[in-house]
Each structure stands twice: as C-alpha cells, then as structure tokens.
Amino acid sequence: MGEQRIGHIDGIAPGAEFHRRKQVKQANLHRDTMRGISWIADVDGLDVADAIVLHGGYDDDNDDWTQVRYTGASPDKEKYKEAGIPKLLHSQSWTYQDNASLKRSYERKHPIRVIRGWKGDARYSPINCYRYDGLYEITAIRTAVSKWPAPDGTPIEICQIDLERLPSERQDPTSVEQKIADLLEQQEELEPLPQEELEVAEEEPEEEAEDAPPYGEKFPKTRTQRVQRLVRDAAVARNVKELHDGECQVCGLRLLGPDEKPYSEGAHIRPLAPPHSGPDVEPNVLCLCPNCHVRLDIGAIVIADDWSIVVRAGALGGNVLPKLKRLKKHKVHLDYIRHHRKHWLGESDPSQE
DNA sequence: GGGCCCGCAGGG
DNA sequence: CCCTGCGGGCCC
C-alpha cells in the first residue's frame, strides 16, 4: 500500500486513534496486524525497527509514559500463556529478526513510533482502540533475566529495550502543509467542533509563552500545533464525552445547547501543562460541565480514593453527587485522582486514611 | 476480565 | 503453499 518510513508519517499527529490493528497498518504506522515489532529495510537494506505496539505483552514490560521498557519477541512455539500473559519457555535472542531490528535502530539512533493499545497499562490505554503516541528513542538495550523463570525453574534471559519519548518540540510532524490542511478538513467533516472548543484548544499551550508573537508570525509551527491539539481533542476528549453522553460526572448535569446536543468539556485531572505534565489519555480525562471543570481546576473539589467527591469551597447552591459517576467503558485511573488531591491538599491528606 | 477458538495478512 | 504472531470477538 503506502510508503513505509522511519519517523513521523505525514498527516498523522501524535494522539491519532485507530480502531483496530488493521487501520494502524493501513495508516503505515506499523507493518503488521499482529506482531509487536515493526521493521523495514534501512537505506543499506538491513532491517531496522520503525514502530512497536504496547498492548499487554509480557510481564517484564513497564510503561511510565515518557519511559517505556519493552520486551523483545519470541517465536510462538517458545512461549505459553498463563493468566492471559505470555510466559517464555526459552531465552530470547538478539538474532531473532524483530529483536535484531530493534538493536540496529538503537545503534543507528533511529526513532521508534509507539502505538498504545487498549490492553496496555491501565493508566495510559485508549478505550477499545489503538493510539499513536509519537516518537520515542531507544536509550538502552540489554539482556536481562525475566521475572518469570521457565516452568522447570531455569532462569530465562530476555531482550530488554528502554525507550524514552522525544521532547515535544521534536514531536511536530514536519509534514507538507497541504496534508495538514487536509487532516484538519477531515476532522471537521467528521464532527464540526464548536468555535469555543477551538479557542480553548489553542489557549492551553500559549499559557506558558506569554510574549509569544502574533499568530501569523509563526504560522507554520502554530498551525502544526493547532492540528495536533485538534486531533487529540477530537479523539481523547471526544471519546470520553460521547461515552458519558455529555453528562457531568461530578454533578450529573447534562447541559443542552439550542441544537439539542449536549455540551460538556473534557477535563484533565492531572493537568497537561508543566509542572504536572499529565498525559492526554482517556483515564486522565473526565466529562464535566463547565462549572465542575472550573471547580476541579481550582481545587474547589477533590476526589477520594473511594471516588466520593469532597467539596472544599465555593459550592453553595451547587449540588454534587456523593461519588464520581463512572462507567465500565471509561475507567478513570486513581493515580491521576491522587495527584490532583495531593496537589490541592498537600502531604497531609485526610481522605487517604 | 480471563479463556477459548478461529483467524487474517504477510513473508519464506 | 505453509508457517507465524503483543488479534479479536465471543462466551461466561
């Protein structure tokens, strides 16, 4: 189909979501529909890895968003499943094609596209789909001993790969301007966003750069960022808002516009901006009415570990539910709730007893 | 959420 | 052809 390449795929910004592996492949993000590791021939014909999928995988994996520890591949016949998670019968080898390609990407300092699937770490997984999370570089490779020995007790060596997310300024796709415009059009065709939402999406990154030049002066860069934010909001926040059908998870209000469509906002529990630097992922986003969005952002409400809503200030005349409304399909992660609570209550947290 | 069982879509 | 794999959707 399309052209396979190392690095960004033109027109696909980090945050873009795809329903199934087939669509990930069709977007040229990953060559395969089942393997974790994707590889292509480099200029000299030798294979290098260009993408990986984080989708549950092995027990030795670890995901901390910016830092990822990945386990190499093994032939099927050398593994078995226990509690749904693959366990190895034999040590892995750096000569196995998938692992060798990762090693070569490390040596050549090639970036790796990271795609997270719905079976991955609950803190970062999208809802029933796959998300392109941008470029990572391999910072280290090593042969490690797996936490899980073989059934007969012999230790198993694995190919371990450490990756680190490239800084955000290197995540901007240097794509053709026209393709960005096309993507923008596609997104708006799917569901036209209200003007307010566009403005909100643009305001957030500008908070840090107070004396930023006027919009027109840095047109290409700003334009790219704008598309990225659009794609992210279009995918992550929209998923959450749709699942809740616009109903506020804190007060239960379902605000309707004149068009009979519910209006709600995707609120980040752990803010995106530094120093918080929370991830823009579904488990970190709540569907809130504008009022409760502000209440969350200014710490007028915090949420306890049992999901009960603690009103701290300024709630006269405003009702809140006893507990945060949650859905089976939208799993909010406690890590973000705790981060928010700790930020507003400090170390001495009475609700954590 | 785990287990099962039937897969497709490469690539040798 | 045949083999393989960080699927997928169903069941409960």
Classify A:S74 by what it touches in the nucleic acid, base, sugar-phosphate, or nothing, heavy-atom distance under 4.0 Å. sugar-phosphate

Between A:Y130 and C:dC6, is there a side-chain N or O to OP1/OP2 distance below 4.0 Å?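 Result: no.
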
Indicate yes or no: does A:R338 engage A:D305 in a salt bridge with an N to O separation below 4.0 Å. yes

Is A:D60 paired with A:R69 through a side-chain N to carboxylate O contact shorter than 4.0 Å? no

What nucleotide among [options] has an atom nearest to a side-chain atom of [X]?
X	options	value
A:K22	B:dA9, B:dG1, C:dG7	B:dA9
A:Y70	C:dC6, B:dG1, C:dG7	C:dC6
A:T33	B:dC8, C:dG8, B:dG7	B:dC8

Once Watson-Crick and G-U wobble pairs under 3.5 Å are found, how is DNA chain B written in dot-bracket notation, 5' to 3', with | for any base paired to another strand? ||||||.|||||

Main chain of A:V236, side chain of A:R131: is a donor-acceptor contact present, judged purely on distance under 3.5 Å?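 Not at all, since once roles are kept as given, no pair shorter than 3.5 Å links the two residues.
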
How many whole angstroms separate atom [atom1] of [X] from atom [atom2] of [N]?
X	N	atom1	atom2	answer
A:R20	C:dC10	CZ	C1'	13 Å
A:I37	C:dC6	CD1	C1'	9 Å
A:Q92	C:dC6	CD	C1'	12 Å
A:F18	C:dC6	CZ	P	20 Å
A:M34	C:dC6	CE	P	8 Å
A:H30	B:dC8	NE2	C1'	15 Å
A:I127	C:dG8	CD1	C1'	18 Å
A:N28	B:dA9	CG	P	16 Å

Please work out whether the ring planes of A:H333 and A:Y336 are parallel, tilted or perpendicular, with thresholds of 30° and 60°. perpendicular

Can you pull every protein N or O that's under 3.5 Å from an N or O on nucleotides 10-12 of chain B?
{"from": "B:dG10", "atom 1": "OP1", "to": "A:K25", "atom 2": "NZ", "distance (Å)": "2.4"}
{"from": "B:dG11", "atom 1": "OP1", "to": "A:R31", "atom 2": "NH1", "distance (Å)": "2.1"}
{"from": "B:dG11", "atom 1": "OP1", "to": "A:R31", "atom 2": "NH2", "distance (Å)": "3.4"}

Suppose we call two aromatic rings close when their centres sit under 6.0 Å apart. Are A:H55 and A:Y130 close by that rule?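 Yes, the ring of A:H55 comes within the 6.0 Å limit of the ring of A:Y130, centre to centre.
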
Report yes or no: is the cationic atom of A:R123 (NZ for Lys, CZ for Arg) under 6.0 Å from the centre of the six-membered ring of A:W65, at an angle within 45° of the ring normal?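 Cation-pi check for A:R123 and A:W65: fails.
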
Checking side-chain hydrogen bond (donor to acceptor under 3.5 Å, both in side chains) against A:N239, which of A:H244, A:E282, A:K329 comes through? A:E282

Quick one, A:W148 with A:D59, criterion side-chain hydrogen bond (donor to acceptor under 3.5 Å, both in side chains). Give me CA distance, side-chain angles, the key distance, then yes/no. CA-CA 8 Å; A:W148 294 87; A:D59 253 346; 2.9 Å; yes

Heavy atoms only: give me the nearest A:D297-A:H268 pair and the separation to one decimal.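 Taking A:D297 first and A:H268 second, the nearest heavy atoms are OD1-O, 4.3 Å.
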
